[in-house]
Structure formats: C-alpha cells, structure tokens
Amino acid sequence: MAESLVQGVVVCLGIFAVMALSNAIVPVLPEFAETSAWQGAIYAAYFFGAFVSTLPGGVLTDRYGTSPVLRSGLFMTVISGILLFVAASPVLMVFLRAFEGIGAGLFVAAALAYVNSRTDHVRMSGYYMAMLNLGLVASLLLSGWLAVFFSSSVVAIGLFTVFTIIALAGSAAIGWPVISPPEKRETSRVYLFIRTNPWLWYSAVVLVGITGVASSLYPDFSDGTPDIVGFWIASMSIATIGTVLVASRFRLISGRVIFWSALLMAGAVLLIPVSPVSFVILGALAGIVMIAQMAFLAQVPGHQGLLMGLFSTSSYLGMAVLPLLAGFIADSAGFLMAFAFAAILGVTVAIATVGVLGRSSETSA
C-alpha cells in the first residue's frame, strides 16, 4: 500500500513537471517569433515530438515495464529544458521543442499505462489529470508573471527544468511494478478493440486539439500582456482540474459524454473571441472527456501500454496538427475563421460518436 502510494506520488510529480515545462513558453510565444505561423510551429513542434514517441513508448512499456521508459522520458525532458533556456532562433526552438515532446511522450505513455493498470485506476486517473493540469496552470501563471517581473522570457523554463530534475531523481529512487506479458487472447482482444472504436481515437485527436488551437491563437489574437494571457489560458486548466476530480468519482457513459461535450466545446471555442471566460467552459468539458476516454480504455485488460500509447498519440496528433493549421488559417483568413475551423471539427466528433450512443456495453468502470 505504501509502495503504491509513493509510486503514485512520483508519477503525479513527474507529470506536473513535464507539463509545466512544456507550457512555460505559451504566454511568451510572441517573444520568440513574429508571425502566427511561426508561433504555431513552435507550439506544435512539442506535440509532434510527443505524437512520434507515445505509441512506441507504450509498446516499450508493455515489454520492459514502467521504469526504463518513464525515466528515459524525464531525462530527455531535462536535457531539452536546459537547451531551451539558452536557445535563441525560432528554427532552433522548433527542433528543441520537438525533442522535448519526444521525452514527454515516453513519460506520458509509461505513466498512463501505470495509472490504468492499477485497481483504483478511475480515481488515480483523476489525480493524474489534475496534476497534469496543475502543471499547465502553474507554468502559465508563473511564466507570464516572471516574464514581466524579470523582463525575460526564459526564467520559467529554467525554473521548471529544476522541477523536472527533482521528478527524475524521485523516479530513480523507488522500485516499479514488473508488467507481465499479456496473454495471446488479450492481444487479439486489444487489436479488435482498436479496430472497432475509431470514434474514440478521432475524439482524442480533435477534442484535445481544440484546446491547443485556443491556447496557441489567443496570445496573438488578444494582444494582451503575458501575465494576462497566461491567466486566461490557465483558467482552462483550472477548470479541467475541478472536473477531472469530480468526474473520476462517477460512472460515465463514454459515448454520450463525448457526444455532448464535443458539441459544447465547438460552441465554447467560437465564443473565445467574444470573451476569454470561454476558456473555463472549454477546460471543464475537456476534463470530463478525458476521464470518460480513459475509463473506457481501462475496460480492456492487458496491453495498457499499447492502448494508452495509442490514446496519447491521438491526443498529441491533435495538438501537433490542429494549432499549426489554425495558425496558417489565422494568417491567411483571420482569427475568426481559425476559431471556426476548430468548432467545425468539434461538430464532426459529435457526428462520429452518434453510432455508439445506444451501446449499453460502453459504460465506464
């Protein structure tokens, strides 16, 4: 019991540090690049790197266990943080953000597989997602404030690199459970599950990607100071913290949750140009969606590394591609069209989910 508690604390500390470092650059994106397209590229490069590494990270976790993959991810994140602290050009920032994303993808795949393999996975997923979003909040608020106070856009990068070093030391100081290879019948079941639930992977791509579109467009759209921009984007993650902790206490019908959340998220992203309060709505809905998705995936025993790697890959694909596309749309057709693009994609998720609304077997655990 005590060992499981310590492992859970280290995983939560690790995801806090990784997410805090990943988001430290968001409120100060205009300091590193002049155009929305370049800012979108710097933002999205991290998620492209994570997209590339999460599925292999999940497969490696199934084969070798949590420890080596989780520690490798944290180590790469530390190295990228040190290099980002001294980087100068937009091109170099893109490459370093991609490297950081690869490390984050390895860590996330191993951490999620660990969380969903626990007997208390639903409640643990709430704590995990809460710490993930707390990291995003802390970085958004502190990086904006530190940028204004110290007149430097990289102070927060240095600060959260130190937090990641602490997480890496913690992960190396404890033991991790050995993952038994899945049985052959479990392997067949998991591949059948993957093939028969395309709506789930599509929802992960789009609904997570929508939050990335909102975060990457808003700094340039609002023309506000980094501290104010950071506050409003952080409000999205604060709302997510609240809903993941609440939703993880209930049984959710995943298809219905995702259907209605997709429609409401489409409306919320359209309202961001009207009022930044829409970030709160967007974040609250995203939290509910993530708990429903993870609980649905936990129904399949074995191969949690593969499943959570695929889930993370889908999410990071959305964060890599959608903000980049939205940035190009904003430069060519304006910000309103870019937000509308994200809203339309949200509606397509609801349409894709219609076919599973009547399934009684897809109740979360």
Smallest heavy-atom separation, Val257 atom then Ala292 atom, equals CG1-CB, 3.9 Å
Problem set entry | Any donor-acceptor pair under 3.5 Å from Ser275 side chain to Leu271 backbone | no
* Does a donor on one side chain sit under 3.5 Å from an acceptor on the other, for Ser203 and Gln293? -> yes
Does atom CZ of Phe335 have more than 12 heavy-atom neighbours from other groups under 6.0 Å away? yes
>> Side chains of Leu345 and Tyr202, heavy atoms from C-beta outward: is any pair under 4.5 Å?
In response: yes
Can you confirm whether Gln39 sits close enough to Phe32 that some side-chain heavy atom of one is under 4.5 Å from a side-chain heavy atom of the other? no
CA sep, side-chain torsions, deciding dist, call: Tyr114, Arg118, side chain to side chain donor-acceptor pair (under 3.5 Å): CA-CA 7 Å; Tyr114 167 77; Arg118 290 172 58 126; 2.7 Å; yes
Next item on the list: In sequence, state the C-alpha distance, the side-chain angles, and the governing distance for Val94 and Tyr46, and then conclude on side-chain contact (heavy atoms from CB on, under 4.5 Å).
Entry: CA-CA 8 Å; Val94 168; Tyr46 167 86; over 6 Å; no
Give a yes or no on whether the backbone of Ile102 and the side-chain of Ser53 come within a donor-acceptor separation of less than 3.5 Å. yes
Heavy atoms of Ala44 and Leu324 approach each other most closely as CB-CB, 4.3 Å
Rounded to the nearest 0.5 angstrom, the CE-OG distance for Met308 and Ser117 is 9.5 Å
- Query: Does the side chain of Val244 reach to within under 4.5 Å of the side chain of Ile288, using non-hydrogen atoms?
  - Reply: no
Checking side-chain contact (heavy atoms from CB on, under 4.5 Å) for the pair Leu132/Ile241: CA distance, chi angles, key distance, verdict?
CA-CA 8 Å; Leu132 182 155; Ile241 292 171; over 6 Å; no
Closest non-hydrogen contact found for Ala350 with Leu263 is CB-CD2, 3.5 Å
ask   = Within the distance-only criterion (no hydrogens, no angle test), does the side chain of Trp201 pair as donor or acceptor with the backbone N or O of Ile194 below 3.5 angstrom?
value = yes
Notebook entry, point to check: Taking the six-membered ring where the residue is Trp, are the ring centres of Phe339 and Phe221 under 6.0 Å apart?
Noted result: yes
TODO: Would you please test Leu74 and Val18 for side-chain contact (heavy atoms from CB on, under 4.5 Å) and show each step?
DONE: CA-CA 8 Å; Leu74 285 175; Val18 169; 3.7 Å; yes
Is a side-chain N or O of Asp62 found less than 3.5 angstrom from the main chain of Gly305, in a donor-acceptor match? yes
Q. Taking the side chain from Ser215 and the backbone from Gly212, do they hold a donor-acceptor pair closer than 3.5 Å?
A. no
| message | Can you confirm whether Val59 sits close enough to Pro56 that some side-chain heavy atom of one is under 4.5 Å from a side-chain heavy atom of the other? | response | no
task = State plainly whether one hydrophobic cluster holds both Val162 and Phe107, where clusters connect Ile, Leu, Val, Met, Phe, Trp and Tyr through side-chain heavy atoms under 4.5 angstrom apart.
result = no
After noting the C-alpha distance and the side-chain angles of Met236 and Leu136, does the key distance pass the side-chain contact (heavy atoms from CB on, under 4.5 Å) rule? CA-CA 9 Å; Met236 180 167 61; Leu136 299 178; over 6 Å; no
The reported gap from CD1 in Ile42 to CG in Leu92 (rounded to nearest 0.5 angstrom) is 10.0 Å
On a heavy-atom basis, the closest approach of Gly126 and Leu245 is O-CD2, 3.8 Å
To the nearest 0.5 Å, atom OG1 of Thr161 lies from atom CG of Leu83 at 9.5 Å
Side chain to side chain donor-acceptor pair (under 3.5 Å) filter on Arg249, not counting sequence neighbours, yields Tyr127
| request: For the pair Thr61 (side chain) and Thr66 (backbone), establish whether a donor and an acceptor sit closer than 3.5 Å, ignoring hydrogens and angles. | output: no
Practice problem: Specify whether Trp145 and Phe149 have parallel, tilted or perpendicular ring planes, treating 30° as the upper limit for parallel and 60° as the lower limit for perpendicular. | Solution: parallel
| Between Thr77 and Thr164, is any side-chain donor less than 3.5 angstrom from a side-chain acceptor? | no
Heavy-atom nearest pair, Gly283 first then Ala239, reads C-CB, 4.0 Å
Practice item. Would you kindly confirm whether Leu168 and Leu13 end up in one hydrophobic cluster when ILVMFWY residues are joined by side chain heavy atoms under 4.5 Å apart? Key: no
Spell out, yes or no, whether Leu325 and Val347 are grouped together once hydrophobic residues are joined by side-chain heavy atoms under 4.5 Å, including indirect joins.
no
Notebook entry, point to check: Do side-chain atoms of Asn116 reach the backbone of Leu112 as a donor and acceptor pair under 3.5 angstrom?
Noted result: no
**OP:** Find out if a path of hydrophobic residues (ILVMFWY) with successive side-chain heavy-atom gaps under 4.5 Å connects Leu270 to Val206.
**Re:** no
- Does Leu336 share a hydrophobic cluster with Trp232, counting links as ILVMFWY side-chain heavy atoms below 4.5 Å and allowing steps through other members? no
**Study point:** Side-chain donor/acceptor of Ser315 to backbone N/O of Phe311, under 3.5 Å
**Key:** yes
Practice prompt. Determine whether more than 12 heavy atoms belonging to other residues, nucleotides or ligands lie under 6.0 Å from atom CZ of Phe193.
Written response: yes
Rounded to the nearest 0.5 angstrom, the CD1-CG distance for Ile15 and Leu134 is 11.5 Å
Rounded to the nearest 0.5 angstrom, the CG-OG distance for Leu84 and Ser22 is 11.0 Å
Minimal heavy-atom distance between Val115 and Tyr128, with the atoms involved, is CG2-CD1, 3.9 Å
With a 4.5 Å heavy-atom cut-off, do Met265 and Thr211 have their side chains touching?
-> yes
_For Trp199 together with Phe296, are the ring centres under 6.0 Å from each other?_
yes
Q. Does the side chain of Leu282 reach to within under 4.5 Å of the side chain of Ile272, using non-hydrogen atoms?
A. yes
Give a yes or no answer on whether the side chain of Thr353 reaches the backbone of Phe259 with a donor-acceptor pair at less than 3.5 Å. no
Are the side chains of Arg97 and Ile25 in contact, using a 4.5 Å heavy-atom criterion? yes
Would you say Ser139 and Met19 make side-chain contact, with heavy atoms under 4.5 Å? no
Rounded to the nearest 0.5 Å, the CG atom of Asn23 sits from the OG atom of Ser143 at a distance of 7.5 Å
